[in-house]
**Student:** 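Below are the structure tokens for one structure; questions will follow.
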Amino acid sequence: MPKNPMIKRLLAVSVAAAMFGAVGAHAQTGESSQAGQQSGSSATATTASSNAKLTSADRKAITDMAMSNMAEVEMGKLAQSKSQNAEVKAFAQKMVDDHGKALTEVQTLAQSKSVTLPTELDAKHKAMSAKLEKLSGDAFDKAYVKQGGVGAHKETLAKLQKASKGAKDADVKGQVDKTIPVVQEHLKHAEQLAQGKSSSTGSTGAAGHTGSSH
């Protein structure tokens, strides 16, 4: 008989120990899960912080590139429909192709950097397009080459060169530096058109072909 109480005590101690161990393991699992959640939250916060660090100048560079590309595509399409000059129409098609491609690249960059781009032309470029819309024939060709060709590309090139020097974000600088030689080629072509010269480089629109033109 005396042995029975002893056996009961041992069983009770064993059960208590097992329960304590299960509670401890559960607590550790909970702590591990919480730590994992905190780690995930930290990684998300780091990504958001990285995007938030984009300087106002870099953001402006992205929106400026988008706006100039949109404007060149718009004016290029207008010239395609209004011009009767083969060289002007060829230049206009080149603008639509090159700037359309560049716009797609800028849109991808903007999305990755959480930058909202304009969906329509600003007042300045709308006024430029409206002015061209009212012209026709040789008057249109001269105005388009002067404004959409020489003038617009000079302005865009100056902005890009400034952005390249001040860019802090590597991706932004990479896109800016990739665009500069394309704009330089367009400007050279536009100046030749303005002077009444035909351009043998007009049919090459890829950035990779611009190196030999300088």
**Student:** List for me each residue that meets side-chain hydrogen bond (donor to acceptor under 3.5 Å, both in side chains) alongside K142, sequence neighbours excluded, and say none if there are none.
**Tutor:** D138
**Student:** Any idea which heavy atoms bring A194 and V145 closest together, and the distance?
**Tutor:** N-CG1, 3.7 Å
**Student:** Has the side chain of T156 got a donor or acceptor atom that lies under 3.5 Å from a matching backbone atom of A152?
**Tutor:**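 Judged by distance alone, yes, a pair lies under 3.5 Å.
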**Student:** A side-chain contact here means heavy atoms from C-beta on lying under 4.5 Å apart; do Q192 and K188 qualify?
**Tutor:** yes
**Student:** To the nearest 0.5 angstrom, please state how far the OG1 atom of T63 sits from the CE atom of M67.
**Tutor:** 8.0 Å
**Student:** Between M128 and L193, is there shared hydrophobic-cluster membership here, with clusters defined by ILVMFWY side-chain heavy atoms closer than 4.5 Å?
**Tutor:**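 Yes, same cluster.
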**Student:** Is there side-chain contact between L54 and I62, with at least one heavy-atom pair below 4.5 Å?
**Tutor:**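 Heavy-atom side-chain distance check passes, below 4.5 Å.
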**Student:** Let me confirm one number: the CG-CG distance from N69 to L117, rounded to the nearest 0.5 Å.
**Tutor:** 10.5 Å
**Student:** Got a donor-acceptor contact below 3.5 angstrom from the H153 side chain to the G149 backbone?
**Tutor:** yes
**Student:** List the atom of S114, the atom of R59, and the distance in Å for their closest heavy-atom pair.
**Tutor:** O-NH1, 3.6 Å
**Student:** More than 12 heavy atoms of other residues, nucleotides or ligands under 6.0 Å from NZ of K126: yes or no?
**Tutor:**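 Count over threshold, so yes.
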**Student:** Could you report the tightest heavy-atom contact between E72 and G148, atom names first, then the distance?
**Tutor:** OE2-O, 2.8 Å
**Student:** Just by modelled atom types, is the D58 backbone N or O under 3.5 Å from a matching donor or acceptor in the K168 side chain?
**Tutor:**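 Not confirmed, K168 side chain does not pair with D58 backbone.
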**Student:** Could you walk me through whether M75 and H99 pass the side chain to side chain contact (heavy atoms under 4.5 Å, CB included) check?
**Tutor:** CA-CA 11 Å; M75 288 186 289; H99 286 283; over 6 Å; no
**Student:** Would you say that more than 12 heavy atoms from the other residues, nucleotides or ligands in this model lie under 6.0 Å from the NZ of K77, or not?
**Tutor:**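 Atom NZ in K77 is not crowded, with 12 or fewer foreign heavy atoms closer than 6.0 Å.
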**Student:** Does V96 reach the side chain of Q93, with side-chain heavy atoms less than 4.5 Å apart?
**Tutor:** yes
**Student:** How many angstroms lie between atom CD of Q175 and atom CD1 of I180, to the nearest 0.5 angstrom?
**Tutor:** 11.0 Å
**Student:** Quick one: does any side-chain atom of K154 pair with a main-chain N or O of L187 as donor and acceptor, under 3.5 Å?
**Tutor:**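 No; zero donor-acceptor contacts below 3.5 Å.
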**Student:** When clusters are formed by joining ILVMFWY residues with side-chain heavy atoms under 4.5 Å apart, either directly or through shared neighbours, do V183 and V150 land in the same one?
**Tutor:**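 Linked, V183 and V150 end up in one cluster.
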**Student:** Would L157 end up clustered with L103 when hydrophobic side chains under 4.5 Å apart are linked, directly or stepwise?
**Tutor:**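 L157 does not cluster with L103.
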**Student:** Is it possible for you to say whether M95 and F140 belong to one hydrophobic cluster, with membership spreading through side-chain heavy-atom contacts below 4.5 Å?
**Tutor:** yes
**Student:** With rounding to the nearest 0.5 Å, note down the distance linking CE in M65 to CG in L160.
**Tutor:** 7.0 Å
**Student:** Can you confirm whether D171 sits close enough to S112 that some side-chain heavy atom of one is under 4.5 Å from a side-chain heavy atom of the other?
**Tutor:** no
**Student:** Specify the closest pair of heavy atoms between A79 and K89, including all atoms of both residues, with the distance to one decimal.
**Tutor:**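 The pair with the smallest heavy-atom distance is O-CG, 4.3 Å.
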**Student:** Answer whether the closest heavy-atom distance between the side chains of V106 and T179 falls below 4.5 Å.
**Tutor:**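 V106 vs T179: side chains apart.
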**Student:** Are there over 12 heavy-atom neighbours, none belonging to Q111, within less than 6.0 Å of that residue's CD?
**Tutor:**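 Not more than 12 within 6.0 Å, no.
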**Student:** Looking only at heavy atoms, which two atoms of H186 and F91 are closest? And how far apart?
**Tutor:** O-CE1, 3.7 Å
**Student:** Identify the two heavy atoms, one from G100 and one from V73, that lie closest to each other, and give their separation to 0.1 Å.
**Tutor:**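 For G100 and V73, the tightest heavy-atom pair comes out as N-CG2, 3.6 Å.
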**Student:** Do H125 and E74 pass the side chain to side chain contact (heavy atoms under 4.5 Å, CB included) test, and can you show the C-alpha distance, the side-chain angles, and the key distance before you say yes or no?
**Tutor:** CA-CA 9 Å; H125 289 96; E74 185 76 17; over 6 Å; no
**Student:** Can you tell me how far the CG atom of L78 sits from the OH atom of Y144, to the nearest 0.5 Å?
**Tutor:** 8.5 Å
**Student:** More than 12 foreign heavy atoms under 6.0 Å from CD of E105: is that the case here?
**Tutor:** yes
**Student:** Output the distance between atom CD (Q147) and atom CG (L132), rounded to the nearest 0.5 Å.
**Tutor:** 5.0 Å
